[in-house]
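For clarity, every value in this text was computed on a predicted model and none was experimentally measured.
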Amino acid sequence: MANAVLLSLLLLCVITITAVHSRSLPDPTSSDLISDGLHTPNYLRLNPLSLSAETESTCEQTYGFLPCTTTVLGNMFLIIVYGYLMFVSATYLSGGSELLLEILGPGVIGGLFLPILGALPDAMLILVSGLSGSKEVAQSQVSVGMGLLAGSTVMLITVIWGSCIVVGKCDLRELAAVDGEDTKGFDLTGSGASTDIWTCYAARIMAISVIPFIIVQLPQLLNSNSARHLAVLIALIVSVSMLISYCVYQVFQPWIQKRKIAYAKHKHVISGILKHLRQRALGRLLNDQGEPNIDVIKKLFDAIDENKDHKLSASELKALIIGIRFDEIDLDQDDAVEKILSDFDTSNDSFIDMPEFINAVSKWLSEATRGRPGSADAGPQTIKVLNNYHEQTKHEHALLGAEDQSDEIVEGVENPKWISFKAGMMLLLGAIIAAAFADPLVDAVDNFSDATSIPTFFISFIALPLATNSSEAVSAIIFASRKKMRTASLTFSELYGAVTMNNVLCLSVFLGLVYVRDLTWDFSSEVLIILIVCVVMGGFASFRTRFPLWTCSVAYILYPFSLALVYVLDYVFGWS
């Protein structure tokens, strides 16, 4: 309600000042001024209403009624007002899509609509920046779109990423951060955040998504003017293809994740069984050559075979699993028995005979000792090897985010029809606000640039991402402050996903404008900073799941570095 009232007041404020616009004073030497006949230097001013239209302001009202001004403070006020409206639009789009997600779950909604709706305000601003007026005007204003694209990307994975590390820091141990435990303060190496393996995949996808930028930049690197238009077209096709591929991946990713988690859980159960069998064994499971000890495995089979019928049944396997007590994972015992039967029972008769048991145990012992010399694994080292393998599978299970899968259970939503209607209205309102006020915001940035002589790129790079990504940034920081690996994983995955959508969806819109309107691609320095930031942060996060506190300094430094690099390349070396 408070947001609606504030939004109404802002709209009323904008409407009430629609008649206000700047106008220039007439030149004292103009022929519209006449002498009084007595004193030559003095002039009588004619009625202002009789002045020609040439004295009116050069700024043009958007839609014919929204206010415009040529003053610095006036344009700053308009940027703040229109920026807040874009923030409201992003908030409505985010809230509406989350309500739909509650009702319909992941898949198409979570994988397709959520990422697209999240990037919609940025895409609208980029679109209107290149559609306005003549080709010359579009060429001038399109730098606003590039500034927003670069600024949004850089801000998300530098300032916001670093802030999430700071507010979400926990005590670090050898493998991961300890959920909810923050006793080391601002220890640069002993405190930090950790994520699951899926977050690494998201970071890799983000790094790969810069390929269209490289393609469109190739003619500049080769000093080929004739190939620029073709390069834009090829980059557009690649960008759209990557957008479709990314959306398909997002749709099927929950299914892939469940399959991988199930395999990791099964692998952990097998490692627990091996560890338990070693404790019950009347000898060593591995001989002096590091190979499975068949005689000991046969004795284990006889010990598990309670009814001595020379085959293991599902009930005997279940008794074995119950005796092991897998307290560290949420284990469905019946499901575990079914998977063990499918893995061990090659004859498909629902029983495990002696040869099947020997083959399966030997296979998993080989898996546990893989990559280690036989002499190191044999004899007394067997216990250590199996313990290490059990800990490794437990860590792999945790990296997949499997320990908190119970958090993903969606309870029934009360009154789904009302929730669906509310979600639809929020999405519609957010889209209307974004479409209506994107063009006035671009005009205000362009006019502010003219009034201050500050390049539009720097204004849009700093100011516009604050408007379009504020709600996303605030929610990410609040979510990270819960100090859990699961929330940290979701937070960083969303940041990487937002940057990926910038690099494929927003870039597709931008390249489409450049190609259709035959604009000049002259953004070498801007592309370079996007490449540097995405490759550095993407490579940084692709192969590690632990982020000590010192890593936030790398992210923070990249933001001012990006601004300084663009300034040096454009205004010192003359790249643009």
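- Looking at residues two or more places apart in sequence or on another chain, you find a salt bridge (charged side-chain N to carboxylate O under 4.0 Å, His left out) between Asp518 and Lys135.
- With hydrogens and angles ignored, the 3.5 Å screen pairs a side-chain donor or acceptor of Thr452 with a backbone N or O of Phe448.
- Here the shortest heavy-atom pairing between Ser460 and Pro465 reads O-CD, 2.9 Å.
- Ring geometry for Tyr559 against Phe461 counts as tilted: the plane angle lies between 30° and 60°, on a 0 to 90° scale.
- Considering every non-hydrogen atom in both Cys200 and Thr545, the closest pair reads SG-CG2, 3.6 Å.
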_side-chain contact (heavy atoms from CB on, under 4.5 Å) assessment of Cys534 paired with Ile157_ = CA-CA 8 Å; Cys534 287; Ile157 52 175; 4.3 Å; yes

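- How far OG1 of Thr551 is from CZ of Phe540: 5.0 Å, rounded to the nearest 0.5 Å.
- At distances below 3.5 Å, not a single donor-acceptor pair connects side-chain atoms of Ser89 with backbone N or O atoms of Leu85.
- Under the 4.5 Å side-chain criterion, counting only non-hydrogen atoms from C-beta, Leu464 is in contact with Val144.
- Residue Leu563 holds its CG atom at 7.0 Å from CD1 of Ile529, rounded to the nearest 0.5 Å.
- The two residues Ser194 and Ala488 make their nearest non-hydrogen contact at O-CB, 3.7 Å.
- Of the possible polar contacts, one joining the Arg517 side chain to the Gly130 backbone as a donor-acceptor pair under 3.5 Å is found.
- Shown are Leu148, Asn503, Asn469; of these, the side chain to side chain contact (heavy atoms under 4.5 Å, CB included) with Thr153 is made only by Asn503.
- For the pair Gln141 and Val445, the minimum side-chain heavy-atom distance is 4.5 Å or more.
- For the pair Asp122 and Leu149, the minimum side-chain heavy-atom distance is 4.5 Å or more.
- Using the six-membered ring where Trp is involved, Trp161 and Phe492 have ring planes that are tilted, between 30° and 60° apart.
- For Ser239 (side chain) and Leu236 (main-chain N/O), no donor-acceptor pair under 3.5 Å exists by modelled atom type.
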Just distance, no hydrogens or angles: give the donor-acceptor pairs under 3.5 Å from side chains in residues 210-222, sequence neighbours left out.
from: Gln217; atom 1: OE1; to: Trp521; atom 2: NE1; distance (Å): 3.2
from: Gln217; atom 1: NE2; to: Ser524; atom 2: OG; distance (Å): 2.6
from: Gln220; atom 1: NE2; to: Trp521; atom 2: O; distance (Å): 2.9

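- Taking CG from Leu531 and CD from Glu526, the interatomic distance works out to 11.5 Å, rounded to the nearest 0.5 Å.
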*Before giving the answer on side-chain contact (heavy atoms from CB on, under 4.5 Å), spell out for Leu558 and Val154 the whole-Å C-alpha distance, their side-chain angles and the decisive distance to 0.1 Å.*
CA-CA 8 Å; Leu558 281 174; Val154 173; 5.9 Å; no

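- Put simply, the side chain of Ser245 never gets that close to the backbone of Met242: no donor and acceptor are under 3.5 Å apart.
- Between Thr195 and Arg544, the closest side-chain pair of non-hydrogen atoms is not below 4.5 Å.
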*Run the side-chain contact (heavy atoms from CB on, under 4.5 Å) check on Asn502 and Leu156 step by step: do they pass?*
CA-CA 11 Å; Asn502 278 346; Leu156 285 171; 4.2 Å; yes

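- One finds the OH atom of Tyr82 at 10.0 Å from the CG atom of Asp439 (value rounded to the nearest 0.5 Å).
- No donor-acceptor pair closer than 3.5 Å links the side chain of Lys169 to the backbone N or O of Cys164.
- Every pair tested for ring pair (Phe, Tyr, Trp, His ring centres under 6.0 Å) that includes a residue from residues 133-155 fails, sequence neighbours excluded, so the list is empty.
- How far SG of Cys506 is from CG of Leu511: 11.0 Å, rounded to the nearest 0.5 Å.
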*Could you please spell out the steps behind the ring pair (Phe, Tyr, Trp, His ring centres under 6.0 Å) verdict for Tyr249 and Tyr201?*
CA-CA 11 Å; Tyr249 169 77; Tyr201 297 158; 8.2 Å; no

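- The two residues Ala203 and Ser542 come nearest to each other via the heavy atoms C-OG, 3.7 Å.
- The main-chain N or O of Thr199 is found under 3.5 Å from a side-chain atom of Asp196 such that the two form a donor-acceptor pair.
- Using a 4.5 Å cut-off on side-chain heavy atoms (C-beta onward), Ile532 and Ser562 make no contact.
- Taking the six-membered ring for Trp and the full ring otherwise, Tyr567 and Phe457 have centroids separated by 6.0 Å or more.
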*Starting from the C-alpha separation in whole Å, work towards a yes-or-no answer on side-chain contact (heavy atoms from CB on, under 4.5 Å) for Val166 and Tyr556.*
CA-CA 11 Å; Val166 173; Tyr556 284 140; 3.9 Å; yes

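- To the nearest 0.5 Å, atom CD1 of residue Ile530 and atom OG of residue Ser209 are 10.0 Å apart.
- For the pair Thr487 (side chain) and Ala480 (backbone), a donor-acceptor distance under 3.5 Å is absent.
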